2 protein chains.
Amino acid sequence: MNTPTFRDWQSVQNEVLRRIHAREWKPGDLIPNETDLALEFGCARTTVNRALRALADNGLLDRKRKAGTRVASQPVAKATLDIAVIRTEVEERGQKYGYQLIGRVEAVPPVAIGASMRIEAGDQLLHIRALHLADDAPYALEDRWINTNVVRDALAEDFHGISANEWLLKTTPYTHGEIAFLAKAATIDEGAVLGCPPQSALLVIDRLTWDNAQSVTKVRLVFSPGHQLRTIL
Amino acid sequence: MNTPTFRDWQSVQNEVLRRIHAREWKPGDLIPNETDLALEFGCARTTVNRALRALADNGLLDRKRKAGTRVASQPVAKATLDIAVIRTEVEERGQKYGYQLIGRVEAVPPVAIGASMRIEAGDQLLHIRALHLADDAPYALEDRWINTNVVRDALAEDFHGISANEWLLKTTPYTHGEIAFLAKAATIDEGAVLGCPPQSALLVIDRLTWDNAQSVTKVRLVFSPGHQLRTIL
DNA sequence: AATGACATTATGTGCATACATAATAACATG
DNA sequence: CATGTTATTATGTATGCACATAATGTCATT
């Protein structure tokens with residue numbers, strides 16, 4: 001029997017994957033250290049390191065200095081959802097994108113919004129409501145508060161020709177954000193705008209983005225009934 | 001003015017991130033090549049490569065051979081959701097986990113299920129229904145079909161002491177899967193089990209996992225009203 | 001002008017080496 | 001026996017070098 005060699009990190013990764021899937025290395029098992037694997041595979045330790053690191057990034061391996069590398073006992077599946085500009089999202093589905101501004105006002109936000117955005121009490125934010133359409137049918141309702149202390153240019157934009165969604169992504173940097181997915185019954189108003197009965201179950205995405213310590217914008221996207229977010233594992 | 005040096009790949013990454021956030025390098029811009037950056041940062045090209053590769057993995061940079069590296073024009077936010085074992089999920093919320101098997105039968109699945117799992121018509125699958133509890137309150141309803149042609153051992157397991165969710169992750173390898181998030185109105189039955197009115201808006205996760213060309217299991221998790229999936233960007 | 005050969009360039013990767021760092025085990029000391 | 005110190009070990013990473021590979025540009029030939 002000839003032992004095949006695994007020269008590049010991808011084939012090392014594949015071989016490790018094979019052993020995990022074949023249960024030669026079971027969840028929780030400690031696998032040989034990098035030096036030994038490098039010897040076995042006939043490559044440099046660097047190459048093994050690259051392969052194992054990639055697998056650890058994907059959650060399949062747990063690595064700790066000195067403790068060694070073990071197969072993740074709980075292979076936490078990481079579902080990566082791409083949150084793109086809505087226009088792009090619609091167009092990639094092969095549908096015609098449409099956009100309608102519903103409202104644009106400066107106002108003092110509800111306390112819950114103000115608090116989560118860490119705004120001074122009484123400060124005004126820019127409140128935008130808009131409807132995104134796919135093939136002329138309602139796709140998603142956008143309800144957004146923009147921190148005009150941070151995004152000054154927003155006051156000069158009327159958001160008629162471009163959605164706040166797209167305008168912000170194009171013009172405004174942010175450092176990090178929080179996102180939440182939930183289900184919500186349609187209010188009467190939402191039902192009217194989205195063209196569905198009140199109480200319909202709707203998928204909602206809440207997002208809050210920050211530029212360092214300052215909140216940039218908080219947005220709620222309410223999708224039309226039946227909308228799904230899909231991805232592969 | 002002294003030009004600081006960036007010795008390790010993390011600080012190189014941070015500096016690149018800073019420039020992107022500060023819009024010194026704007027979306028779509030071509031950034032200097034690795035050799036030049038290495039020179040500027042006072043480190044090896046390998047180190048720059050490591051930093052840029054990591055950023056490209058996160059979708060912030062687009063890299064092509066010869067063409068160079070540019071800031072992603074569509075900073076597609078990638079929301080990574082960790083889909084863990086439900087017991088772990090509950091326990092990490094600091095709540096007491098509970099589990100209740102509702103039903104376990106072998107049956108021919110509805111055509112939609114059979115088709116999506118690519119099962120021979122008429123083949124039986126193992127159908128499991130169970131309720132997961134957090135602090136004795138309903139947390140999520142699991143409705144699962146297991147391909148017993150692939151997961152033979154499942155027939156010997158009664159799923160009284162351990163949920164199919166956890167048992168499968170522990171015992172059954174899979175190569176890939178599909179996952180979908182959606183909102184759904186509670187059926188009368190779901191309302192009864194979850195202790196909420198019918199028509200309540202519920203968050204649902206559908207998952208289908210494969211071991212190479214064979215389907216392993218298809219599961220629908222219906223969460224109690226108000227449940228949110230959260231993550232950071 | 002179209003075609004194909006070839007050079008150029010930026011990223012991609014492998015390797016040997018060195019040292020850093022975290023976690024653990026072994027040991028010594030009170 | 002408890003506790004703090006030290007040695008050991010496996011992973012983490014920086015570096016210089018070499019070569020691979022993909023994409024592009026250049027140039028000669030027809």
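Since this is a predicted model, take the numbers as computed values, not measurements. Chain letters run A, B, ... following the sequence lines, proteins first, then strands; residues in each count from 1. Note that these values count all heavy atoms, side chains included, but never hydrogens, waters or copies made by symmetry.
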Q. What is the distance from CG of A:Asp36 to C1' of D:dA10, rounded to the nearest Å?
A. 11 Å
Q. Between D:dT9 atom C1' and A:Lys66 atom NZ, what is the distance in whole Å?
A. 4 Å
Q: Send over the distance from A:Asp8 CG to D:dC19 P, rounded to a whole Å.
A: 18 Å
Q) Which part of the nucleic acid, if any, lies within reach of B:Thr69 when heavy atoms closer than 4.0 Å are counted: base, sugar-phosphate only, or nothing? A) sugar-phosphate
Q: Determine whether the side chains of A:Arg87 and A:Ser163 contain a donor N or O and an acceptor N or O closer than 3.5 Å.
A: no
Q) Between D:dT9 atom C1' and A:Lys64 atom NZ, what is the distance in whole Å? A) 14 Å
**Q.** Given C:dT24, D:dG12, D:dT21, the nucleotide with the shortest approach to the side chain of A:Arg65
**A.** D:dG12
Q.
Any carboxylate oxygen within less than 4.0 angstrom of a Lys/Arg side-chain nitrogen, looking at A:Asp29 and A:Arg70?
A. no
Q. Regarding B:Glu89 and B:Tyr139, is there a side-chain donor-to-acceptor distance under 3.5 Å anywhere?
A. yes
Q. Between A:Asn33 (CG) and D:dT8 (P), how many Å, whole number?
A. 17 Å
(Q) Between A:Arg63 and D:dG12, is there a contact of a side-chain N or O with OP1 or OP2 at under 4.0 Å? (A) yes
Q) Is there a donor-acceptor contact under 3.5 Å linking the side chains of A:Ser11 and A:Asp8? A) yes
Q. Is there a donor in the side chain of B:Thr35 and an acceptor in the side chain of B:Arg45, or the other way round, less than 3.5 Å apart?
A. no
(Q) What is the separation between atom CG on B:Leu39 and atom P on D:dA14, rounded to the nearest whole Å? (A) 18 Å
Q.
In this structure, how many angstroms lie between the C1' atom of D:dT9 and the CD1 atom of A:Ile31, rounded?
A. 16 Å
Q. Are A:Gln10 and C:dG12 close enough that a side-chain N or O sits under 4.0 Å from OP1 or OP2?
A. no
(Q) Heavy-atom count check: over 12 atoms from other residues, nucleotides or ligands less than 6.0 Å from A:Arg18 CZ? (A) yes
Q. In whole angstroms, how far is the P atom of D:dA23 from the CG atom of B:Leu30?
A. 16 Å
**Q.** Residue closer to the 5' end of DNA chain C, A:Ala67 versus A:Trp9 (nearest nucleotide)
**A.** A:Trp9
Q. Closest to the A:Glu34 side chain: D:dT24, C:dT11, D:dG12?
A. D:dG12
Q: Starting at CG of A:Asp143, measure out to CG of A:Leu221 and round the result to the nearest 0.5 Å.
A: 9.5 Å
Q.
Within residues 43-52 of chain A, which residues have any heavy atom lying less than 4.0 Å from an atom of DNA chain C?
A. A:Cys43, A:Ala44, A:Arg45, A:Thr46, A:Thr47, A:Arg50
